[in-house]
4 protein chains.
Amino acid sequence: MATKTPAEAPASKAAPDAKRRSERSRRAIYEAALALVTEVGYGKVTIEGIAARAGVGKQTIYRWWSSKAEVLLEAFIDLGEQAAEAAGGGEAFASLPDTGDVAADLKGVLRATVDELLDRKYDAPYRALAAEGVVNRELSEKFVQQLLEPGLKLYVARIEAAQAAGQIREDLDPRIAMEFFVSPLAQRWLQGTGPLTHEYTDKIVDYALHGLAPR
Amino acid sequence: MATKTPAEAPASKAAPDAKRRSERSRRAIYEAALALVTEVGYGKVTIEGIAARAGVGKQTIYRWWSSKAEVLLEAFIDLGEQAAEAAGGGEAFASLPDTGDVAADLKGVLRATVDELLDRKYDAPYRALAAEGVVNRELSEKFVQQLLEPGLKLYVARIEAAQAAGQIREDLDPRIAMEFFVSPLAQRWLQGTGPLTHEYTDKIVDYALHGLAPR
Amino acid sequence: MATKTPAEAPASKAAPDAKRRSERSRRAIYEAALALVTEVGYGKVTIEGIAARAGVGKQTIYRWWSSKAEVLLEAFIDLGEQAAEAAGGGEAFASLPDTGDVAADLKGVLRATVDELLDRKYDAPYRALAAEGVVNRELSEKFVQQLLEPGLKLYVARIEAAQAAGQIREDLDPRIAMEFFVSPLAQRWLQGTGPLTHEYTDKIVDYALHGLAPR
Amino acid sequence: MATKTPAEAPASKAAPDAKRRSERSRRAIYEAALALVTEVGYGKVTIEGIAARAGVGKQTIYRWWSSKAEVLLEAFIDLGEQAAEAAGGGEAFASLPDTGDVAADLKGVLRATVDELLDRKYDAPYRALAAEGVVNRELSEKFVQQLLEPGLKLYVARIEAAQAAGQIREDLDPRIAMEFFVSPLAQRWLQGTGPLTHEYTDKIVDYALHGLAPR
DNA sequence: CCGTAAGCGAGACGGTACGTCAGGTCTTGGC
DNA sequence: GCCAAGACCTGACGTACCGTCTCGCTTACGG
């Protein structure tokens with residue numbers, strides 16, 4: 001049984017000592033990265049720029065991250081945690097609301113999502129990460145795992161609850177059902193194939209639940 | 001009196017004379033761009049690299065395009081035209097098939113789309129353009145207008161036909177209905193949130209048409 | 001017979017085209033290098049600094065030279081040529097003066113040399129090159145060959161003339177004899193083992209010619 | 001009144017306590033410095049490299065020395081002392097030999113000097129210090145004072161003895177006379193203007209003593 | 001003989017410069 | 001006048017060291 005102790009790691013070039021890490025620098029880097037992405041656009045963000053803005057040596061960035069995409073990913077995750085902590089006391093979005101009415105619940109969540117996607121503070125970095133992920137498998141995995149998946153799981157759970165309540169057919173794969181609510185929104189946001197409005201997401205929910213074909 | 005032709009561009013530095021343009025160079029640049037994107041990945045493609053590979057001066061690229069994204073966009077459109085010409089005699093995909101059975105027709109088209117998205121030849125450049133579009137509004141517009149929209153219009157047309165045939169409810173916005181077939185696929189492809197299979201797209205069609213709620 | 005044509009050169013990374021070289025940049029680089037060495041000292045001269053001061057890209061330096069020492073060497077040689085051209089019409093120092101009196105001639109030349117070595121304009125770069133040469137064989141060879149040797153040859157020639165005139169013993173190696181006039185000066189200048197004055201060089205000449213031992 | 005002990009250093013940042021200094025580290029640093037200079041060349045020696053090689057923290061070097069040149073200077077002096085201690089019981093080279101024959105005595109010493117200068121163990125560090133001294137006045141002074149001067153004084157003393165013995169003219173400045181034996185050797189060694197051989201130094205002595213001019 | 005303050009190995013930090021790569025502009029010579 | 005070629009200025013890359021600054025630890029001094 002080749003179980004490894006967690007304290008191992010042969011690493012290619014000696015891992016830095018996380019205990020000595022400067023919290024102050026980390027925060028400054030996050031802030032600089034987020035600010036720059038919104039100000040100049042992801043393509044024009046440079047490691048050098050982040051370092052300068054954060055008042056930090058370049059090496060301090062290279063020591064802890066391996067690309068600007070990774071910096072931004074962590075910065076954005078941190079931004080989410082900050083927001084969550086500020087908003088709710090504990091786990092902010094542990095689950096989607098469940099009033100017993102799936103349609104209403106989903107409409108509410110999607111409206112909130114639209115608002116968030118249109119918020120300058122989130123749009124630029126989130127979009128940058130999505131773009132990078134499209135073309136960079138490694139980042140994509142982290143992006144999906146750490147940012148997307150937690151949100152998607154909430155939908156899946158809510159749909160399962162609806163199935164139990166008889167509001168959604170039991171024979172459907174909730175993982176796929178969930179995409180009817182999320183993907184149209186995602187595509188409009190990412191590719192700009194149409195406007196993001198509350199009316200739009202309301203319709204999405206209605207169409208999806210009742211189907212396109214006449215009854 | 002400096003008579004101008006109506007199509008005159010007030011360009012800052014005199015537009016090059018398209019009549020004298022070297023067809024040979026243009027083709028070589030397209031091929032180089034597509035090959036490089038597949039071989040080294042979009043992020044590592046450089047104008048210099050394209051020029052070298054195409055046996056062309058850098059200036060010849062800068063004269064006719066304004067960024068590597070634009071080169072790639074045109075190269076990809078050209079690739080599509082080549083393929084279309086090769087495949088069908090004339091207009092290859094003037095419309096989606098209409099056998100009278102929307103479900104079957106859509107399933108067929110989506111299966112073909114999945115196959116195409118998984119084809120190495122198309123995946124890399126298409127993905128690169130999509131990624132760039134997420135973060136670059138100008139390119140995004142051209143991308144949607146010239147590559148995405150024509151395809152989407154076919155769906156809209158097919159759905160309208162189905163509405164006329166009574167297979168899809170008349171009160172639905174076909175533009176939104178269309179997204180139920182296209183967006184889930186797009187998201188899985190772009191973000192890697194799930195596998196792309198024929199079974200998957202079949203389900204998408206069924207779920208969408210009959211709705212998630214029990215009848 | 002494996003004689004190679006001069007136009008050959010397989011070079012490690014393609015030699016740049018000297019015909020297209022910017023004369024303006026070359027001159028600016030020479031001036032910047034010389035100025036910086038005098039102002040901040042050889043150790044603090046950087047390629048980046050030279051480039052900035054010369055208003056030139058770093059790559060333009062790296063394209064034509066392989067180290068700051070080589071830049072400085074060429075700059076200093078050029079400085080000498082400038083001075084020579086300015087001073088005499090043609091070849092300024094084709095030979096040492098020959099009035100028939102070796103002692104007087106040598107004293108005159110050495111006094112002039114002292115003055116030159118104490119001139120701020122020459123001291124810093126010359127010293128830097130000498131220092132680098134002490135520790136860098138490749139540069140040392142170029143330094144000796146291109147800067148030192150031409151001067152030393154003049155001494156050898158003058159000594160040979162003196163031998164022919166019976167003022168210096170015929171059985172002596174002029175190459176070694178020459179060093180008695182040059183080396184003490186060189187050491188005082190390089191290592192600071194004593195002051196450089198006209199009295200000092202006069203004595204050197206007298207001591208050397210008449211010997212240390214009593215007659 | 002802030003009474004100061006006489007040995008008090010008004011240092012800017014409190015002098016370290018020499019009593020607590022680690023002898024083991026000091027030695028390791030000397031060895032590392034000397035080894036590195038010979039192995040990779042002075043220019044490529046770094047404080048970090050010395051520290052790593054010596055198994056010592058960087059701060060331990062910065063605490064006791066102010067530059068790599070100073071480390072090397074002390075290391076080299078120490079090397080000399082080690083050698084002296086090993087060779088002779090007490091003061092190894094308290095004076096030059098005096099057999100009554102200046103010529104022979106000087107030839108012997110110079111031959112020994114040549115051998116030492118060609119010894120790999122001494123060449124690299126000594127050369128490095130000389131080079132640094134050419135361009136760094138502060139180090140130059142220490143270098144001359146602590147390494148060169150003691151040797152030169154021996155020559156001066158031997159020449160004065162020869163003057164007393166009537167073998168060298170009394171009216172000559174022994175300080176200058178000495179340079180005829182030392183400087184040519186120094187220049188050939190530092191600048192590579194000629195080979196270092198026993199024949200060469202023998203001739204130096206003969207030429208210097210009897211003069212270049214015919215008698 | 002024991003507590004404490006120093007020296008120590010280690011290495012993270014804010015920086016500067018390295019040598020390289022590519023971007024976009026401009027010039028030269030060939031066709 | 002387009003083109004291949006490529007020198008040029010610019011600016012970012014990722015790395016190596018600089019000299020300073022903690023961190024625990026070990027060690028020897030002085031109360």
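The structure presented is a predicted model; accordingly, all values stated were derived computationally and were not measured.
Within residues 39-57 of chain A, the residues that have a heavy atom under 4.0 Å from DNA chain F are, in order of number, A:Thr46, A:Ile47, A:Glu48.
Looking at A:Arg137 and A:Glu141, no side-chain N of the basic residue comes within less than 4.0 Å of a carboxylate O on the acidic one, giving no salt bridge. Taking the charged nitrogens against the carboxylate oxygens, C:Arg53 and C:Glu39 do have a contact shorter than 4.0 Å, which makes a salt bridge.
Rounded to an integer number of Å, the gap from CZ of A:Arg24 to C1' of E:dG14 is 11 Å. Distance CG (B:Leu36) to P (E:dC21): 16 Å, rounded to an integer number of Å. Spacing between atom OH of D:Tyr62 and atom P of E:dC8 amounts to 16 Å, rounded to whole angstrom units. Whole-Å rounding puts the D:Ile61 CD1 to E:dC8 P distance at 11 Å. If you take CD1 of C:Ile29 and C1' of F:dA7, they are 12 Å apart, rounded to a whole angstrom. At whole-Å resolution of the value, CD in C:Glu23 and C1' in F:dC8 are 15 Å apart.
Looking at C:Leu34 and C:Leu72, their side chains come closer than 4.5 Å, going by heavy atoms from C-beta outward. A 4.5 Å side-chain heavy-atom check between D:Trp65 and D:Ile47 finds every atom pair outside the cut-off.
For B:Lys68 (side chain) and B:Val45 (main-chain N/O), a donor-acceptor pair under 3.5 Å exists by modelled atom type.
Note on D:Arg63: a base of the nucleic acid sits closer than 4.0 angstrom, heavy atoms only.
Dashed line: the shortest gap from a side-chain N or O of B:Ser25 to OP1 or OP2 of F:dA4 is under 4.0 Å.
The list of side chain to side chain donor-acceptor pair (under 3.5 Å) pairs with a residue in residues 125-135 of chain D, not counting sequence neighbours, reads D:Tyr42-D:Glu132, D:Asp123-D:Arg127, D:Glu132-D:Asn136.
Residue-to-nucleotide proximity on DNA chain E shows that, of B:Ser67 and D:Arg21, the 5′-proximal contact is made by D:Arg21.
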query = Under the salt bridge (Lys or Arg N to Asp or Glu O under 4.0 Å) criterion, do D:Glu70 and D:Lys142 qualify, and how do the steps go?
reply = CA-CA 9 Å; D:Glu70 301 235 290; D:Lys142 293 185 187 170; 2.5 Å; yes
Polar atom pairs (N or O), protein with nucleotides 22-25 of chain F, under 3.5 Å:
{"residue": "F:dC23", "atom": "O4'", "partner": "A:Arg20", "partner atom": "NH1", "Å": "3.3"}
{"residue": "F:dC23", "atom": "O2", "partner": "A:Arg20", "partner atom": "NH2", "Å": "2.9"}

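To the nearest 0.5 Å, the span separating CD on D:Glu31 from CG on D:Leu79 amounts to 10.0 Å. We find the CZ-CD distance between A:Phe76 and A:Glu81 to be 11.5 Å, quoted to the nearest 0.5 Å.
Contact annotation: side chain of D:Lys58 to base of F:dG19, donor-acceptor pair present below 3.5 Å.
In this structure, of F:dA7, E:dC18, E:dG7, it is F:dA7 that holds the atom nearest to the side chain of C:Trp64. Counting only heavy atoms from C-beta on, B:Thr60 has its side chain closest to F:dA4 among E:dG23, F:dA4, F:dT20.
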